[in-house]
Amino acid sequence: MTSRLDRLLRPRSLAFVGGAAAELAIDACRSFGFSGDMWAVNPSRELRGLPTFASAGELPAGVDAAFVGVDRHATIAVVGQLAARGTGAAVCHASGFAETGEDAAALQRELVAAAAGMPLVGPNCYGTLSAVAGAALWPDVHGLARCQRGVALLSQSGNIAVNLTMQRRGLDIAWVMTLGNQADVGISEAFEAMAVDDTVTGVGLCVEALDDIGHFASAAAAARDRGLPVVALKLGASETSGAIAVTHTASLVGDDAAYDALFRRLGIRRVHTLPELLDTLAVLVALGPLRGNRLLSLSCSGGEAALVADRSRGRDLCFPPFAPDHAGRVASALDGRVAVTNPLDYHTFIWGDEARLAGCFRAALGAGAQAAGPAPFDAALLVIDFPAEGLDRSRWWPTLRAFSGACTASSTPGVVAASMAENMPVEARGRAGELGLAACADIDTALSALEAAAVWGQRTHEPACLPPAPASGTSLDHTVLSEYEAKRRLDAAGVVVPAGTVVAADQAAAAAAEIGYPVVVKATGLAHKTEATGVVVGLEGPEEAADAARRLAGGGGTVLVESCITGAVAELLVSVRSAPPIGMLLTLGAGGTLAELLDDTVNLLLPAPGAGVLEALRSLRIWPALAGHRGHPAAAVDAVVSVVAALGALVRDDRSIIEVEINPLMVTPHAAVAADALMLVAEPPEPD
């Protein structure tokens, strides 16, 4: 590993500056078994028997890392002294910097300037733990044990990191880093350092906001090249979308969707709870990528089998039925007394009989089967709830051993889970690990982890190229273009739009005649015309057009007259919008009046290859209509892909565009036409 953070991550000498917080960090290092040199800084008293100096400027030169536990104003002076002494890195514990407002943000800028290039972790953070080096720049208790290899946990939240160290899943954690305000060292740089470290077996991220997308993508690429699993928990949701509420997309899809799209593109598994984060890491580290998503579930209860089936709904997991000859072997192992299904309830009449359990599990997993070809299942799940502490667990271990033996004999990765987290004790997790099995707290985290392993094994990732940078005007400083002007820009970019013109209300009939009936007449200046009854479609003659124009214009003003699109197979919403700090987010989904009624959207980051767009369209519930439902003609899906390509080129070449939304995109068997459009562009800065 070679990075700016080397001396912080594997220090041979440490300094502690402050009072009570510094003493807690000293205690943590001693209990962790740090064997290097340690010094302290306090102007009035000795700290925990260490050689103590009155100021950081008196420390020996070249200390590898320092914990700074003084108030925010003193922190700036101390950091400057540490930098002048050639310290390798500083962890700044104090709060009251940029997290409290703009005035305090100036102090944070002073802090970074004082560091003069020395790596600075924080401020407003808990610090770092290295189970490899036994270093704890950490003013609190923690639950790590020394290890030579393990996962790295990187978190912006200090308290969540403390909680994660207390896990009892048998997961080796080698590194913990909390980044706080990310004034200098951010989660992306920390991720880069961990992705290339040979002692790291996986990376868990607790992200509030990314600081550097380029470095983050580079780190993800390095992890992917190493076959290193990465799991992310995104904390909080961006409020950026609230500043731009003009479009349907802003209300339908928050900017959190951009993180979803980014994580998918980079091959990072996103989870939504802390137990899911830990169990997914544990399974991915233990099992690696799976061949596919075909699972076998084993339990001694029909209720548990049904629960597994129910909880797997909506996941990309499959429980294939047993082939007839395979089912016959399983039935024979169970004396024909059990209905052979997957998930399988093997009943309790063989409970405690390790030989019969082994025979059942081996038959179910196809161990020793004569048929050639791939194994019938890509992984197996055993649901087993253990008795509480103090009760006899002896009759449960035969089941665990039998399951392990069957997994080994059939070369099938195995996962053990309880139906409730409290019924998976530390002892059971430990024994499962010794038997080559991964253990999860409960059925939900097990299914999530197995899905992650299947996706990891099957997915061919798009290149980890960066999307275009978000438009600089993503704030209230924007202009909403008229529909007519937005369509003119779309037309120039290669998107098909209806023939149309903006005219005075009393000229609507003449304009309609020139365009050709049927026509649509729309009010101008309305973002959501349908809700405001600002559009009349299917007008067949001059009197209808004139009447609609008078009504929509209120006796004066202008209207937009357009050719009416007929023969549409489906209506889509297609949007591209700036989603800082990620990039440009593409949203595809059901459009028109269904946009708000159906939760049917999918998000990708630009640039998006045509194959990825087509895959996204196929994931929509509206896809059967596009594909030609019940004898209806299929839509021109290739034309939709072309529209997306044109939009991608448009926002790439015109960086002033904050958002462009087509809703609906009318898709016929032969074309895709932008029937309505909105475009937000950044206002140019006022001259000095």
Side-chain angles (χ1 to χ4, degrees), residues 143-145 147 150-151 163-173 201-202 273-287 295-301 303-305 307-308 311 343-348 350-358 360-362 364-365 379-410 412-450 452-453:
L144 298 196
C147 63
V151 301
N163 297 340
L164 288 172
T165 70
M166 304 300 173
Q167 60 86 31
R168 285 175 280 180
R169 285 164 163 76
L171 180 65
D172 287 333
I173 301 174
T201 59
T273 67
L274 293 174
E276 196 182 0
L277 173 73
L278 292 170
D279 278 353
T280 300
L281 273 173
V283 169
L284 295 182
V285 169
L287 303 187
L295 303 185
L296 169 67
S297 173
L298 299 166
S299 63
C300 65
S301 161
E304 290 169 346
L307 188 58
V308 170
R311 300 307 297 166
L344 176 65
D345 166 19
Y346 59 85
H347 289 219
T348 56
I350 59 173
W351 187 255
D353 187 334
E354 188 168 343
R356 298 195 69 185
L357 286 164
C360 169
F361 295 164
R362 287 171 64 94
L365 284 169
L381 171 65
L382 174 68
V383 179
I384 180 170
D385 287 62
F386 288 84
E389 192 70 33
L391 299 177
D392 181 15
R393 295 172 179 163
S394 61
R395 292 184 298 122
W396 274 254
W397 305 127
T399 305
L400 201 61
R401 291 193 296 268
F403 180 63
S404 171
C407 288
T408 300
S410 61
T412 305
V415 175
V416 181
S419 62
M420 297 187 296
E422 54 266 40
N423 294 347
M424 180 57 66
V426 174
E427 182 186 17
R429 287 181 179 274
R431 292 208 186 185
E434 293 169 0
L435 292 169
L437 304 169
C440 290
D442 57 37
I443 290 169
D444 282 338
T445 61
L447 292 173
S448 175
L450 285 164

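Annotation: side chain of Leu450 is in contact with side chain of Val415 (closest heavy-atom distance under 4.5 Å). Using a 4.5 Å cut-off on side-chain heavy atoms (C-beta onward), Arg356 and Tyr346 make no contact. Contact of the Val283 side chain with the Cys440 side chain is registered, since non-hydrogen atoms from C-beta on lie closer than 4.5 Å. Counting heavy atoms from C-beta outward, Ile173 and Thr165 have side chains that stay 4.5 Å or more apart. Between Leu357 and Arg401, every side-chain heavy-atom pair lies at or beyond the 4.5 Å cut-off. Side-chain atoms of Arg168 and Pro425, non-hydrogen and from C-beta on, never get closer than 4.5 Å to each other. In this structure, the side chains of Glu304 and Asp345 stay at 4.5 Å or more apart for every pair of heavy atoms. Side-chain contact between Trp396 and Leu400 is absent, with no heavy-atom pair separated by less than 4.5 Å.
Taking each heavy atom of Cys300 and His347 in turn, the nearest pair found is CB-O, 3.6 Å. Taking each heavy atom of Thr280 and Ala452 in turn, the nearest pair found is CG2-CB, 3.8 Å. Contact between Leu171 and Ala282 at its shortest, heavy atoms only, is CD1-CA, 3.8 Å. Residue Ala441 comes nearest to Met424 through the heavy atom pair O-CB, 3.9 Å, listed as atom of the first residue, atom of the second, then distance. Between Pro343 and Val308, the shortest heavy-atom distance links the atoms CG-CG1, 4.1 Å. Residues Cys407 and Ala380 share a closest heavy-atom pair of SG-CB, 4.4 Å.
The backbone N or O of Leu435 lies less than 3.5 Å from a partner atom in the side chain of Ser404, making a donor-acceptor pair. At distances below 3.5 Å, not a single donor-acceptor pair connects side-chain atoms of Thr348 with backbone N or O atoms of Trp351. In this structure, the side chain of Arg311 does not engage the main chain of Asp444 through any donor-acceptor pair within 3.5 Å. A donor-acceptor pair is defined here as one N or O able to donate and one able to accept, closer than 3.5 Å; no such pair exists between the side chain of Arg395 and the backbone of Gly352.
The distance from the CG atom of Leu344 to the CG atom of Leu382 is 11.0 Å, given to the nearest 0.5 Å. In this structure, CG on Leu381 lies 8.0 Å from CG on Leu298, to the nearest 0.5 angstrom. Taken to the nearest 0.5 Å, the CD1 atom of Ile350 stands 8.0 Å off from the OG1 atom of Thr399. Taking CG of Asp385 as the reference point, atom OG of Ser301 lies at 9.5 Å (rounded to 0.5 Å). One distance of note links SG of Cys360 with CZ of Phe403; it measures 11.5 Å at 0.5 Å rounding. Here Ile443 contributes atom CD1 and Leu307 contributes atom CG; the two are 4.0 Å apart, rounded to the nearest 0.5 Å.
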As a quick check of understanding, evaluate side-chain contact (heavy atoms from CB on, under 4.5 Å) for Leu164 and Met166, giving each step before the final call. CA-CA 5 Å; Leu164 288 172; Met166 304 300 173; over 6 Å; no
Run the side-chain contact (heavy atoms from CB on, under 4.5 Å) test on Ser448 and Asp279 for me, step by step, so that the C-alpha distance in whole Å, both residues' side-chain angles and the decisive distance to 0.1 Å come before the verdict. CA-CA 9 Å; Ser448 175; Asp279 278 353; over 6 Å; no
Mind running side-chain contact (heavy atoms from CB on, under 4.5 Å) on Leu296 and Leu365 for me, showing each step along the way? CA-CA 8 Å; Leu296 169 67; Leu365 284 169; 3.6 Å; yes
